[in-house]
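For reference, the structure is listed below as structure tokens.
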Amino acid sequence: MKIDSKDFRVPKNAKIKLKKWPTEVKPCFESKEEYQNILENHVHELSDWQRLLESDHHYSLLLIFQGMDTAGKDGAIRHVMSGVNPQGCQVYSFKSPSTVELEHDFLWRTTCQLPERGRIGIFNRSYYEEVLIVRVHPNILAGENLPKEAQNKKNIWKDRYRSIVDLEKHLHCNGTKVIKFFLHLSKDEQRKRFLERIDDPDKNWKLTRDDIEERQYWDDYMEAYEECLGATSTKESPWYIVPADDKENSRIIISTIILDTLNKMKMSYPETDAKRREELQVIRKSLTE
């Protein structure tokens, strides 16, 4: 299957029903060997683009990964970005906010970790948790010390969507391209992956009772994701719903989307003008004397 990024992109202001979006599609490869070859080629291309991003030094790239437990966020980041120079890439995994972070607005802790120009930033979970897990568990709001008027249940999520869209518009205007991936996993596939974590001693540490507790809120999470994806996918900072039941195929889809995005960014290596060429010749002369 030839991958077209547009097939996975969420239209602006769309009414999303995740049951209508597949969690698995026909693989774009016919064998494990072909998968490895495609991924290696994509990784090599991403490495080249990362060098161009750094040398051009006008833009940065922010990749956001969201999804239910076991959806494959860690694996996608590890495999897709494996060839990128670590000096040009930074990964942040956001857990429950600290006491200090709770003293600030909900965008503060992630804003502090945004990538500089010339770099790729990766958020494993992000500020979107504030309209997902906090929406599913509204008692969390009590710990955020918000003013009473800001806790209005009718407006709080729309207000947060607006804050997020405004932030991403601001980032776009200042050279940060934001790409957002929702790894769309089926409930049955999650069950299988949880069982694998129980059966494999090396993966036992990955499973906790909290993971099973959260599974009970599956429908609530799907509803929260549906509204969030539709409200915050824009032309400049789109969401992509990536079928995640097949980990290998999802990685190829993700890497394709990233490459397609980079290919549309107007970047170039710095030109060597006459003054710079003269300087280089002086350096050459000093090295050959």
Side-chain angles (χ1 to χ4, degrees), residues 10 12-16 18 62-71 73-74 77 90-115 121-172 174 176-185 210-211 213-234 236-242:
V10 177
K12 182 178 179 181
N13 297 324
K15 297 294 183 183
I16 299 298
L18 286 172
L62 176 62
L63 308 176
I64 294 178
F65 289 85
Q66 293 285 160
M68 299 294 285
D69 289 333
T70 77
K73 299 182 292 298
D74 293 347
I77 294 168
Q90 55 206 50
V91 182
Y92 292 97
S93 182
F94 293 97
K95 307 295 184 182
S96 298
S98 67
T99 302
V100 173
E101 290 167 342
L102 287 171
E103 292 301 315
H104 296 268
D105 67 273
F106 78 94
L107 291 170
W108 180 80
R109 68 170 181 157
T110 47
T111 301
C112 293
Q113 309 301 342
L114 290 169
I122 301 171
F123 285 178
N124 186 346
R125 301 189 188 275
S126 65
Y127 43 81
Y128 279 99
E129 293 294 286
E130 292 289 335
V131 293
L132 295 168
I133 188 170
V134 177
R135 181 165 184 164
V136 174
H137 300 286
N139 57 298
I140 296 175
L141 283 173
E144 296 188 357
N145 298 314
L146 295 173
K148 286 185 178 180
E149 58 270 22
Q151 297 185 41
N152 186 313
K153 290 185 179 180
K154 287 185 178 180
N155 299 324
I156 187 169
W157 309 121
K158 289 184 179 179
D159 288 345
R160 289 193 169 189
Y161 295 148
R162 185 172 63 249
S163 294
I164 289 171
V165 170
D166 287 346
L167 168 67
E168 291 174 351
K169 183 177 181 180
H170 167 77
L171 293 176
H172 175 78
N174 285 275
T176 298
K177 181 64 179 175
V178 184
I179 313 175
K180 302 170 293 193
F181 299 102
F182 169 59
L183 275 60
H184 188 23
L185 184 75
D210 288 344
D211 296 330
E213 287 291 326
E214 286 300 285
R215 182 174 162 81
Q216 297 178 24
Y217 297 94
W218 184 276
D219 291 342
D220 295 330
Y221 274 109
M222 293 302 103
E223 184 178 339
Y225 268 112
E226 288 172 346
E227 187 164 335
C228 167
L229 295 170
T232 60
S233 188
T234 64
E236 296 80 14
S237 303
W239 273 107
Y240 292 90
I241 299 178
V242 179

Might you point out which heavy atoms bring [X] and [Y] nearest each other, and give the distance in Å?
| X | Y | value |
| --- | --- | --- |
| G121 | P115 | N-CB, 3.6 Å |
| S126 | T110 | C-CG2, 4.1 Å |
| W157 | E130 | CZ3-O, 3.2 Å |
| V178 | L171 | CG2-CD1, 4.1 Å |
| R135 | A224 | CD-CB, 4.2 Å |
| H170 | N174 | O-ND2, 2.8 Å |

L107 backbone acceptor or donor facing T111 side chain under 3.5 Å | yes

Spell out, as yes or no, whether a donor-acceptor pair under 3.5 Å connects the side chain of H184 to the backbone of L18.
-> yes

More than 12 foreign heavy atoms under 6.0 Å from CZ of F94: is that the case here?
->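 Result for CZ/F94: enclosed.
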
Greater than 12 external heavy atoms within 6.0 Å of E223's CD | no

Option among K180, K177, E236 that satisfies the side-chain contact (heavy atoms from CB on, under 4.5 Å) test with E168 =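 Exactly one pass, corresponding to K180.
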
Candidate pair I64 and Y127, rule side-chain contact (heavy atoms from CB on, under 4.5 Å), full reasoning = CA-CA 9 Å; I64 294 178; Y127 43 81; 3.3 Å; yes

Supply the atom-to-atom distance [X] [atom1] to [Y] [atom2], rounded to the nearest 0.5 angstrom.
| X | Y | atom1 | atom2 | answer |
| --- | --- | --- | --- | --- |
| I241 | I16 | CD1 | CD1 | 5.0 Å |
| I164 | C228 | CD1 | SG | 6.0 Å |
| H137 | E213 | NE2 | CD | 9.0 Å |
| T232 | R160 | OG1 | CZ | 14.0 Å |
| R125 | K73 | CZ | NZ | 4.0 Å |
| T234 | K169 | OG1 | NZ | 9.5 Å |

Note: D159-R162 ion pair, threshold 4.0 Å (strictly below) = yes

Run the numbers on E129 and Q66 for side-chain contact (heavy atoms from CB on, under 4.5 Å), then give the verdict.
-> CA-CA 8 Å; E129 293 294 286; Q66 293 285 160; 2.7 Å; yes

Got N145 and E103 here, is their nearest side-chain heavy-atom distance under 4.5 Å?
-> yes

In this structure, which one of W239, F182, Y225 forms a ring pair (Phe, Tyr, Trp, His ring centres under 6.0 Å) with Y128?
-> W239

Candidate pair L114 and F123, rule side-chain contact (heavy atoms from CB on, under 4.5 Å), full reasoning = CA-CA 9 Å; L114 290 169; F123 285 178; 4.2 Å; yes

